[in-house]
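Structure first, commentary second.
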Amino acid sequence: MNDTVTLAHGAGGKQTAELIDRVFRKHFQNRYFTSDDASVLPAPAGKMAMTTDGFIVSPAFFPGGNIGKLSVCGTVNDLTCMGAKPLYMTCAFVIEEGFSMEELEQIAASMEQTAAEAGVVLVAGDTKVAGKGQADGCFITTTGIGEILDGVSTSGRFAAPGDAVIVTGDIGRHGTAILLARDDYGIEADVKTDCAPLWNPIHALLREVPGVHVIRDATRGGVGTVLYEIAHEAGVGISLEREKIPVAEEVKGVTGMLGLEPLYLACEGTMVLFVPESLTDSALRVLREQSYTAGAAVIGRVTAENSGRVIMETEIGARTYLPEPGNELLPRIC
Amino acid sequence: MKQMERAISILREYSGPEVRIMEVCGTHTHEIFRQGIRGILSPAIHMISGPGCPVCVTGTGYIDEAVWLAEKKGCTILTFGDLVRVPGSEESLQTARAKGAKVRTVYSPQDGEAYAAEHPDEECVFLSVGFETTTPSSCIAVKNAVRDGIGNFSLLTANKTMPMAYEAMKDSTDLFLYPGHVHAITGLSVPRMLADTHQVSGVCAGFTARELVTALAVAVTNFEKGGYFFVNCYPRVVREEGQPEAVRLVDSMMEPCDDLWRGIGRIEGSGMKLRQEYASYDARIRYEIPFMQGRTNSGCRCGQVLQGRIEPGQCPLFGKVCTPEHPSGACMVSSEGACSAYYLYGDHQTLL
Amino acid sequence: MCVGLSAKVVSIKGGVAIVDAGGAKKTVSSELLTDLNPGDYVMVHAGSAIAKITADDEDETDMLLEDIR
């Protein structure tokens with residue numbers, strides 16, 4: 001077998017079968033994965049949640065993960081945000097001609113491992129090969145179905161004045177790790193992506209502390225973007241305390257050099273939760289006992305005033321808007 | 001923290017004569033807003049955001065030159081991120097990039113030179129903007145190119161110097177909050193001269209919340225006492241003599257030229273360009289760039305904002321046609337511009 | 001106009017220094033500063049160390065504020 005993916009692998013013939021056998025069937029072995037045109041699945045008992053997401057990331061491999069792990073975490077975490085236990089996932093690959101077969105297999109292996117950890121089954125997949133230059137490396141689209149836990153209902157609209165705003169860990173690590181991996185700025189730092197499937201810790205939280213209002217993963221656009229989305233959806237204000245926002249020293253160093261704000265950098269294993277005030281302590285206790293969320297912290301409160309706005313209380317006790325994110329993130333230097 | 005609380009209460013409770021303080025530096029503007037410092041000032045203290053954001057004072061024609069190099073000459077444009085979204089007459093570097101132009105953001109001019117060395121097939125042009133703080137890095141990049149025998153690297157210069165701008169601005173303010181990092185290079189003779197000759201007072205400030213609050217408290221306390229003064233509130237970085245080595249380096253490689261400041265006009269001797277010996281590293285000479293006038297939105301009042309004559313909200317375009325997503329003028333597009341800061345950080349009054 | 005960051009000099013060689021800010025390392029030019037040594041703190045801007053730094057901002061601002069009593 002060739003060591004790179006060629007257009008022949010996408011032609012549907014013998015070589016396509018070879019690719020599927022070597023890479024996908026090997027790693028996506030389970031009782032639902034079939035050679036037929038569609039998988040046949042038992043229906044969940046309760047309400048379902050369904051989500052889809054496309055992943056393009058350059059480079060495909062970065063400290064702490066790769067696009068495969070990312071694509072499973074992304075969909076698992078989207079389901080998790082609705083209080084839905086991830087059950088089934090599909091994945092569709094668009095692979096650029098010339099992509100390394102070994103790397104493709106590593107990507108599939110990461111998907112297998114991450115899916116197993118989150119308890120989700122990869123039930124179907126598709127592979128297309130694009131000509132050189134028609135795609136950049138490897139693109140993955142994943143779709144997931146989950147079963148919503150009985151009695152759980154979360155939505156950005158449920159954010160209410162008095163709620164505590166919690167982040168499940170330090171912020172901005174994925175965005176920083178990717179920025180460093182691209183090596184556009186010649187900065188070196190030991191920053192790994194936070195990319196992780198959060199169903200297990202969030203499941204523990206929902207089981208032990210019913211009544212969480214909002215769960216949102218702070219992916220593209222980071223925590224700042226999520227907070228603005230929720231402030232708009234619920235028609236509330238959000239007040240943050242800058243000194244309480246957890247940011248790793250290395251992330252502070254990198255963002256400080258480039259004049260970037262960690263609140264706008266992507267997280268792939270860190271969520272934003274809105275929890276009624278009375279449940280705050282128990283929520284923090286449960287989260288801090290779980291892996292991936294041990295660094296959970298309250299960063300602010302929901303207010304009735306300043307609707308649609310995120311307010312920052314700064315280190316000198318002054319208050320100002322957190323700028324509403326938009327636009328491409330660009331370093332600010334000169 | 002105790003001293004800090006005292007500084008904050010000095011600023012909150014200031015009841016001396018009305019005082020206008022111009023922060024000359026865009027990074028100061030940005031930090032003052034980001035830290036919410038305007039929100040703790042007594043109503044008698046008025047902050048004015050001056051012309052010290054290199055992106056804001058760089059003319060539209062400069063962006064047109066860069067776009068021309070990318071599109072007509074196929075050059076790779078290496079730039080600080082700050083300039084990517086600035087609108088030119090027709091296009092920004094961002095829209096040119098979407099059409100296929102090669103535009104790369106870099107951290108420093110030296111990194112730009114290193115990129116050129118690694119890509120000998122590309123004609124690389126670094127967009128050399130900035131004040132005295134940044135100019136030495138551009139010179140080092142050219143020096144490195146000479147040393148390494150790199151022939152595919154040049155600068156499109158729009159470097160500017162502050163002293164003439166202080167002169168031009170001194171009637172718009174009672175006090176300058178001098179840019180600490182400029183004076184880290186140039187030293188303190190100009191601010192001291194301006195205070196000694198009774199033209200305008202000032203303090204030189206750092207960039208943390210603590211440094212800014214301290215510098216402002218020192219400024220208003222001295223202002224209330226009366227007379228002209230200058231205090232260096234950033235001595236851990238700014239020495240009396242600056243960095244003579246940096247000044248010497250720049251003088252040996254660049255010379256002053258007249259320069260156009262967006263919205264302010266031509267200020268004699270306020271620009272810097274490479275000396276004749278380095279002409280082959282000057283993109284204007286190397287690529288024979290035609291003169292570009294540059295057109296701006298006629299309603300844009302950036303110029304008056306930069307001179308502290310109006311607040312951003314008084315511009316008819318502000319927040320309506322001119323937003324950070326669709327900026328008409330450079331003060332909105334630069335994240336350090338006054339309009340952008342007003343728009344993004346909001347009107348502090350409503351938060352109290 | 002001048003985003004700066006204080007950083008510690010890790011190593012220095014031939015006009016070039018590696019500096020460290022909270023674990024983020026970057027190679028910058030050190031030729032504007034004479035007599036720079038590993039362990040010194042510097043202010044870094046756009047690829048150059050522009051000043052050697054003496055104290056942290058807290059001591060300095062406290063002293064300035066004491067002066068305006």
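Here is how names work: the chains are called A, B, and so on, in the same order as the sequence lines, proteins then strands, and each is numbered from 1. All values derive from a computational prediction rather than experimental measurement.
Taking every heavy atom of both residues into account, Leu32(C) and Gln243(B) meet most closely at O-OE1, 4.0 Å. A pairwise comparison of heavy atoms in Asp111(B) and Lys26(C) identifies OD2-NZ, 2.6 Å as the closest pair. Of all non-hydrogen atoms in Val237(B) and Ala51(C), the two that sit nearest each other are O-CB, 3.5 Å.
Ile10(B) contributes atom CD1, which lies 6.5 Å from atom CG of Leu65(C) (distance to the nearest 0.5 angstrom). Note that the OG1 atom of Thr27(C) and the OH atom of Tyr107(B) stand 10.5 Å from one another [nearest 0.5 Å]. Rounding to the nearest 0.5 Å gives a distance of 8.5 Å between CD of Glu31(C) and CD of Glu245(B).
Side-chain contact annotation: Ser48(C) with Gln110(B), donor-acceptor N/O pair under 3.5 Å present.
Contact annotation: the side chain of Glu60(C) never approaches that of Arg210(B) to less than 4.5 Å [non-hydrogen atoms, C-beta and beyond].
Looking at Arg239(B), the atoms closer than 4.5 Å to chain C (heavy atoms on both sides) all sit in the side chain, from C-beta outward. Proximity to chain B involves both the backbone and the side chain of Thr61(C), based on heavy atoms less than 4.5 angstrom apart. The part of Thr221(B) that comes within reach of chain C is its side chain, from C-beta onward, which places non-hydrogen atoms under 4.5 angstrom from that chain.
For the pair Ser137(B) (side chain) and Ala46(C) (backbone), a donor-acceptor distance under 3.5 Å is present.
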